[in-house]
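Contents: one structure, followed by commentary.
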Amino acid sequence: MDIKLAASSKNEVLIIKRLEILKSMLELEDFDSVQLQADKLQAENVDGLSDIIKTCKNSVHQTEKIIKLIDDYIYQPKTIQLTQHQQIVYNQICQEFDAILSQRS
């Protein structure tokens with residue numbers, strides 16, 4: 001696995017864990033801790049978290065809205081990146097498929 005990809009993957013896991021903690025804090029109505037977690041998430045500078053962070057900072061008592069934003073972020077479909085081997089196999093299959101189609105024409 002590429003080191004950059006591994007680091008990115010590890011970072012994503014940590015962000016998701018922090019979001020789960022944030023959800024727990026909201027459910028416990030521990031709004032001071034929510035602010036602290038929002039600050040830590042903001043420091044990560046990750047695309048897609050801005051709505052969550054903004055809502056936590058401006059409307060911390062909108063618990064259901066924040067939890068929905070968190071769930072949407074965590075469970076949104078992610079683009080799948082093929083490994084190098086998978087990409088090679090995919091390219092070979094596409095070439096073979098194109099060859100079959102060109103023979104039929």
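Basis for what follows: all heavy atoms, side chains included, without hydrogens, waters or symmetry-related copies.
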Val46/Leu41 under side chain to side chain contact (heavy atoms under 4.5 Å, CB included): CA gap, chis, key distance, verdict: CA-CA 8 Å; Val46 174; Leu41 285 169; over 6 Å; no

Let me see the working for Asp30 and Val34 under side chain to side chain contact (heavy atoms under 4.5 Å, CB included), right down to the final yes or no. CA-CA 6 Å; Asp30 184 356; Val34 168; 5.6 Å; no

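- For Lys57, the salt bridge (charged side-chain N to carboxylate O under 4.0 Å, His left out) partners at least two apart in sequence or on another chain are Asp39.
- The shortest distance between side-chain heavy atoms of Leu19 and Ile15 falls below 4.5 Å.
- In this structure, the separation between CD on Glu20 and CE on Met25 is 12.5 Å, given to the nearest 0.5 Å.
- Taken from OG1 in Thr55 to CD in Gln62, the straight-line distance is 7.0 Å, to the nearest 0.5 Å.
- The other members of the hydrophobic cluster of Val89, by chain and number, are Ile93 (side-chain heavy atoms under 4.5 Å, ILVMFWY only).
- Here the straight-line distance linking atom CD1 of Ile88 with atom NE2 of His85 works out to 7.5 Å at 0.5 Å rounding.
- Leu69 CG to Ile74 CD1: the interatomic distance, rounded to the nearest 0.5 Å, is 11.0 Å.
- Taking 4.5 Å as the limit, every side-chain heavy atom of Thr63 sits out of range of all side-chain heavy atoms of Glu29.
- Leu36 and Ile66 are members of different hydrophobic clusters when ILVMFWY side chains are connected at heavy-atom separations under 4.5 Å.
- Rounded to the nearest 0.5 Å, atoms CD (Gln87) and CD (Gln92) are 11.0 Å apart.
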Pair Leu22, Ile52 - check side chain to side chain contact (heavy atoms under 4.5 Å, CB included), show working. CA-CA 10 Å; Leu22 185 60; Ile52 296 169; 4.1 Å; yes

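- Taking every heavy atom of both residues into account, Phe31 and Leu26 meet most closely at CE2-CD2, 4.4 Å.
- The line from NZ of Lys40 to CD1 of Ile21 is 8.5 Å long, rounded to the nearest 0.5 Å.
- Side-chain N or O atoms of Gln35 include one that pairs as donor or acceptor with a backbone N or O of Cys56 at under 3.5 Å.
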